[in-house]
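Because the structure is a prediction, the values reported are computed rather than measured.
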Amino acid sequence: MKKRVYGVIGISSIMANWNADFSGYPKTTSEGMTFGSDKALKYPMKKMWDNEGKKVLYIKSMRISKDGTALIPRTLKERYEQIFGVDNLADCKDLKAILTNLMTAVDVKNFGATFAESGSNISITGAVQIGQGFNKYAGTNPEEQQILSPFRDANDNKEEARNTTLGTKIVSNEAHYFYPFVINPLAYKELIELGVTEGYTEDDYENFKRTALTSVTSFATNAKEGCENEFAFFVETALDTYLPNLTEYMAFEKGEDKNTIKLQCADFLHDFGSNIQKMELYYNPYTTVVEGVARDMKQYDIRTQKEVD
């Protein structure tokens, strides 16, 4: 691929918990700003690829213990052996073969890897780098919901303990996260020279783009139900063009009928002239209005990927 790509991926969370901390509450900074980690966004993308049958290395997978009494997660070594059909990684002394295998895993090809197994100490900086996604909606508040279990606690030996147990589900009333990302195909320059990969290709980019637009909406669990892909912005540039974090040039406002996302980057992007090759906006026109759109920004419905008139 002979270009860089800068952009933003927007995630809405309505009565859901997009990314919880260890207390169960949505993650916040020390100053109280709600945010989501890059891992929270990468996981549904990796899950989507895994469901499609693509090779995904860094994702939790389970096996039955040798004594048959427990379901336990695979180690990194075991996961490598599983997806690449290797009997015993410890017997593989060919570092080039290991690197070649790693670069065929779709998550490694995009996000990179740290692989320290069986004498191999490999660090790959991914072509795709995703930052922290900060919530830009000022009205976000956590909500606690009491949940009644259908079962009594069997460990409670008191005869009078005849009520079923209680649980708690914690969600945000509403939040809108904006993640910055950059794709730099030159990250794999040395790996191309080593002959272990063809580099980051247009097909790799289109695969990332497709997944970035749909993976959160497609990923439904108890906690993530209510989370959707609501916005995306892709700016394709020349390889020697360097843009700042585009989320710093965006604002979100809650509306009665439709929400508004304000772009404040059109003017400075035009200062780069022909170094900006293409700009694409994706959003739901039935729920969202985007302000500050320049004429050369193509607009698409994020649900269907069809161009908005």
Does anything in residues 290-309 form a ring pair (Phe, Tyr, Trp, His ring centres under 6.0 Å)? List the pairs, not counting sequence neighbours. Y282-Y300
What pairs with E52 under side chain to side chain contact (heavy atoms under 4.5 Å, CB included), at least two apart in sequence or on another chain? M48, W49, K54, R210
Could you work out, with side chain to side chain contact (heavy atoms under 4.5 Å, CB included) as the rule, every residue matching A251, not counting sequence neighbours?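 A251: side chain to side chain contact (heavy atoms under 4.5 Å, CB included) contacts with K262, Q264.
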Is there side-chain contact between [X] and [Y], with heavy atoms separated by less than 4.5 Å?
X    : Y    : answer
T34  : P142 : no
T168 : I147 : no
L57  : L76  : yes
V308 : L281 : no
L89  : F84  : no

ring-ring contact (aromatic ring centres under 6.0 Å, His included) against Y6, all qualifying residues, sequence neighbours excluded: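 Y6: no ring-ring contact (aromatic ring centres under 6.0 Å, His included) contacts found.
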Looking at every heavy atom in both [X] and [Y], which two are closest together, and how far apart are they?
X    : Y    : answer
S172 : P26  : OG-CG, 3.1 Å
Q132 : D38  : NE2-OD1, 3.3 Å
A90  : K77  : N-CE, 4.2 Å
S65  : T69  : OG-N, 3.3 Å
Y80  : A97  : OH-O, 4.3 Å
M279 : L269 : SD-CD1, 3.7 Å

Pair N110, Y200 - check side chain to side chain donor-acceptor pair (under 3.5 Å), show working. CA-CA 8 Å; N110 280 278; Y200 198 82; 2.8 Å; yes
With salt bridge (Lys or Arg N to Asp or Glu O under 4.0 Å) as the criterion, how do K3 and E202 come out once you've worked through the C-alpha distance, each side chain's angles and the decisive distance to 0.1 Å? CA-CA 9 Å; K3 62 189 176 189; E202 286 285 348; 3.3 Å; yes
Using 30° and 60° as the class limits, which term best fits the ring planes of F234 and Y205: parallel, tilted or perpendicular?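 Rings of F234 and Y205: perpendicular, over 60°.
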Does the plane of the ring in F272 sit parallel, tilted or perpendicular to the ring in F268? Use 30° and 60° as the thresholds. perpendicular
Tell me whether the centres of the aromatic rings in Y283 and F231 are closer together than 6.0 Å.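 Between F231 and Y283, which both carry aromatic rings, the centre distance is not below 6.0 Å.
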Looking only at the aromatic ring of each residue, does the gap between the centers of Y58 and F111 stay below 6.0 angstrom? no
What do you reckon, is CG of N88 surrounded by more than 12 foreign heavy atoms closer than 6.0 Å? yes
Assess whether atom CG of L71 is packed by more than 12 heavy atoms of other residues, nucleotides or ligands within 6.0 Å.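 Yes, CG of L71 has more than 12 neighbouring heavy atoms, counting only those of other groups under 6.0 Å.
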Exercise answer: donor-acceptor pairs, residues 186-196 side-chain atoms, under 3.5 Å, sequence neighbours excluded:
{"residue": "Y188", "atom": "OH", "partner": "V108", "partner atom": "O", "Å": "3.4"}
{"residue": "Y188", "atom": "OH", "partner": "K109", "partner atom": "O", "Å": "2.5"}
{"residue": "Y188", "atom": "OH", "partner": "A127", "partner atom": "N", "Å": "3.0"}
{"residue": "K189", "atom": "NZ", "partner": "E193", "partner atom": "OE2", "Å": "3.0"}

Tell me, with the steps shown, if V171 and Q145 meet side-chain contact (heavy atoms from CB on, under 4.5 Å). CA-CA 8 Å; V171 298; Q145 301 175 1; 3.9 Å; yes
Is D107 salt-bridged to R79, going by a charged N under 4.0 Å from an acidic O? no
Polar contact flag, side-chain donor to acceptor under 3.5 angstrom, S23-D21: yes
Distance-only polar pair, side chains of T201 and D204, donor-acceptor under 3.5 Å: yes
Would V5 and V128 satisfy side-chain contact (heavy atoms from CB on, under 4.5 Å), going step by step from the backbone distance to the final call? CA-CA 9 Å; V5 183; V128 179; over 6 Å; no
Any chance you could lay out the side-chain contact (heavy atoms from CB on, under 4.5 Å) test for E291 and I261, step after step, and finish with the verdict? CA-CA 6 Å; E291 294 182 355; I261 296 173; over 6 Å; no
Report all side-chain donor-acceptor pairs from residues 173-181 shorter than 3.5 Å, counting only partners two or more places apart or in another chain.
{"residue": "N173", "atom": "OD1", "partner": "N141", "partner atom": "N", "Å": "2.7"}
{"residue": "N173", "atom": "ND2", "partner": "G139", "partner atom": "O", "Å": "3.1"}
{"residue": "E174", "atom": "OE1", "partner": "K254", "partner atom": "NZ", "Å": "3.2"}
{"residue": "E174", "atom": "OE2", "partner": "H176", "partner atom": "NE2", "Å": "2.7"}
{"residue": "E174", "atom": "OE2", "partner": "K254", "partner atom": "NZ", "Å": "3.0"}
{"residue": "H176", "atom": "ND1", "partner": "E230", "partner atom": "OE1", "Å": "3.3"}
{"residue": "H176", "atom": "ND1", "partner": "E230", "partner atom": "OE2", "Å": "2.6"}
{"residue": "Y179", "atom": "OH", "partner": "W18", "partner atom": "NE1", "Å": "2.9"}
{"residue": "Y179", "atom": "OH", "partner": "G36", "partner atom": "O", "Å": "3.2"}
{"residue": "Y179", "atom": "OH", "partner": "S37", "partner atom": "O", "Å": "2.8"}

